[in-house]
Amino acid sequence: MHFTTVLALAAAGLAGQAVAGPHHHHNQHGVRHVHEKRALVTELVTVTNWVTVTVTGHSPTGRRQHYSNTRKAKKVKPTPSSEAAPPPPPPPPPASVAPAPEPTTVITRVRPVDPAPTPAPAPAEPSKSEPAPPPPPAPVVVSSQAPAVVEKPEPVPAPGPGPVPVPAPAPAPKGQRLGAGLAYNNPNLLQTFLGSGTKIGWTYNWGQRDDSGTGLPFIPTLWGLKLDFPQVWPANAQRAIDAGSPCLFSFNEPDHGTQANLSPELAAAKHKELMNPFQGKARIGSPSITNSGASNQGIEWMKQFFAACNGGCAVDFVNIHIYGFNVEQFLAHLVKVNELFKKPVWITEFGFDGSDDEIARQLKAITDAIDNDPKYAFVEAYSYFMVEEGIMVKGNQPSRYGRTFAYGGDS
């Protein structure tokens with residue numbers, strides 16, 4: 001009998017980290033790419049019979065596949081009281097009288113002042129049977145700075161408070177706009193978008209760990225319920241928040257069969273379980289949806305999600321993806337989403353069809369509207385799909401429309 005051991009190394013990358021697949025443009029609304037994280041899975045199989053093993057294909061989770069014709073590829077003293085000079089010493093008391101005790105009142109001094117001589121009292125032989133009369137009040141000595149007065153010190157105001165320690169980092173305030181962000185898989189391609197004048201303010205990679213090396217705010221993504229994503233999410237999300245992440249992303253396109261692929265009811269239950277614990281620590285996004293108009297997809301899926309939440313899901317902004325729309329359709333879709341769900345909007349994936357120049361023109365029109373037109377002030381952040389050679393990068397430099405996205409202008 002022979003023992004045959006087959007070691008299958010399936011998938012490339014760490015659990016919760018993304019790898020982008022091939023990229024194509026598409027021509028239908030809502031029809032887009034798939035971009036799923038791949039995990040390293042090692043499997044040891046011992047077969048106790050003669051077998052023939054053929055290993056073919058890729059990890060079952062694979063690269064982010066594409067559907068249809070899709071290209072997918074950051075706190076008085078009392079007035080130095082010219083103080084009253086210390087009271088002059090009283091006349092020597094009779095030998096039988098004990099010396100007067102020292103005064104206990106503490107007076108703040110401005111500068112040392114020799115006590116003024118006390119005028120001798122009028123000669124009078126006090127009766128031996130009577131105590132000596134009390135000395136006359138001491139004269140007030142006037143300093144050259146201010147009238148001598150003995151004041152009861154006023155309470156000194158407490159110093160202004162110093163910086164109040166705040167748990168680091170503080171979540172981004174509601175309504176804060178992060179603007180343009182970089183969606184990436186390969187961190188080595190990011191620096192070319194971060195030169196002088198860049199508009200880039202944050203990054204994400206469809207994964208749960210920041211490997212960008214940019215120092216910009218990183219937004220981790222739960223993604224889905226596949227592999228060990230839900231098991232490692234609580235620790236990874238907290239680590240990201242501790243490192244400065246202002247927001248968290250929920251499921252990635254649960255309305256699409258090749259992505260998170262979840263029913264609105266399951267997504268709502270799992271969002272409450274996995275995202276709600278971070279409410280108040282970071283701003284939380286809804287699951288991201290496509291712009292498909294098909295039944296149970298896009299906006300229709302999101303309506304069902306919020307219905308299933310029944311007010312119980314922590315959601316600070318709605319996360320959407322848009323492909324295949326022209327400029328007018330794109331802007332109209334933003335308004336529709338905002339009016340339906342009454343929340344700020346993040347566009348974490350979008351793309352246009354056409355030549356590089358045509359894409360650059362559409363991209364400029366959209367970003368100019370979002371950045372400058374008060375009508376679209378509800379859009380807090382947006383990221384073009386994606387930082388990848390052949391899309392936003394060409395020859396280790398921003399492509400024509402990559403420059404438009406990162407630096408604006410006509411590029």
Side-chain angles (χ1 to χ4, degrees), residues 29-30 32 171-183 199-204 206 217 219-223 245-256 259-260 264 267-268 271 275 279 282-293 297-307 309 311 313-352 362-386 405:
H29 303 167
R32 6 157 351 283
K174 182 176 182 180
Q176 176 174 326
R177 302 186 76 187
L178 290 183
L182 296 177
K199 296 163 53 182
I200 303 304
W202 59 283
T203 66
Y204 91 107
W206 293 274
I219 316 299
T221 307
L222 170 56
W223 204 93
S245 295
C247 306
L248 302 175
F249 291 158
S250 183
F251 300 115
N252 184 75
E253 296 185 0
D255 61 326
H256 196 279
Q259 293 297 288
H271 185 100
M275 302 299 293
Q279 186 173 23
R283 300 184 67 233
I284 298 175
S286 73
S288 61
I289 55 169
T290 67
N291 58 306
S292 170
Q297 290 188 326
I299 287 175
E300 291 306 314
W301 186 97
M302 189 71 83
K303 288 178 179 178
Q304 296 175 50
F305 168 78
F306 279 113
C309 286
C313 295
V315 174
D316 296 300
F317 57 88
V318 173
N319 190 339
I320 65 174
H321 297 169
I322 304 176
Y323 293 94
F325 281 176
N326 60 32
V327 172
E328 292 73 21
Q329 292 169 326
F330 191 108
L331 295 175
H333 188 69
L334 295 181
V335 173
K336 181 177 182 179
V337 169
N338 177 244
E339 290 178 345
L340 279 171
F341 303 113
K342 310 300 182 185
K343 293 182 182 293
V345 173
W346 284 47
I347 317 159
T348 54
E349 288 185 25
F350 69 102
F352 293 111
Q362 295 176 88
L363 193 49
K364 184 176 186 304
I366 291 297
T367 55
D368 280 352
I370 292 173
D371 293 342
N372 304 309
D373 189 339
K375 179 177 180 180
Y376 305 104
F378 60 83
V379 179
E380 295 183 341
Y382 54 89
S383 56
Y384 196 84
F385 187 89
M386 62 176 288
F405 181 80

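Excluded from the calculations below are hydrogen atoms, water molecules and symmetry mates; all remaining heavy atoms, backbone and side chain alike, are included.
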Between N338 and L334, is a side-chain contact (heavy atoms from CB on, under 4.5 Å) present by the stated rule, with each step listed?
CA-CA 6 Å; N338 177 244; L334 295 181; over 6 Å; no

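Here I370 contributes atom CD1 and R177 contributes atom CZ; the two are 7.5 Å apart, rounded to the nearest 0.5 Å. In this structure, L248 CG and L222 CG are separated by 9.5 Å, a value rounded to the nearest 0.5 Å. Rounding to the nearest 0.5 angstrom, the gap separating the CZ atom in F352 from the CD1 atom in I322 is 8.0 Å. Taking CD1 of I289 as the start and CD of E300 as the end, the distance is 9.5 Å to the nearest 0.5 Å. The line from OG of S288 to CE of M302 is 7.5 Å long, rounded to the nearest 0.5 Å. Separation of atoms OG1 (T221) and CZ (F251) is listed at 11.5 Å; rounding is to 0.5 Å.
Side-chain polar atoms of H256 and T290 form no donor-acceptor pair below 3.5 angstrom.
When ring centroids are compared, F350 and Y384 come within the 6.0 Å threshold.
Shown here for L178 and P246, the closest heavy-atom pair between the two residues is CD1-CG, 4.2 Å. When all heavy atoms of S383 and F405 are compared, the pair lying nearest together is CA-CZ, 3.8 Å.
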Result block: side-chain N/O donor-acceptor pairs under 3.5 angstrom for residues 340-348, not counting sequence neighbours:
residue	atom	partner	partner atom	Å
K342	NZ	E339	O	2.9
K343	NZ	V315	O	3.1
W346	NE1	E380	OE1	2.8
T348	OG1	N319	OD1	2.5
T348	OG1	H321	NE2	2.9

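In this structure a side-chain-to-backbone donor-acceptor pair under 3.5 Å is missing from N252 to A260.
If you run side-chain contact (heavy atoms from CB on, under 4.5 Å) between C313 and each of M275, Q279, H271, only H271 comes through.
Contacts classified as side-chain hydrogen bond (donor to acceptor under 3.5 Å, both in side chains) and involving residues 369-379 (residues at least two apart or in different chains) are given here: K199-D371, D371-Y382.
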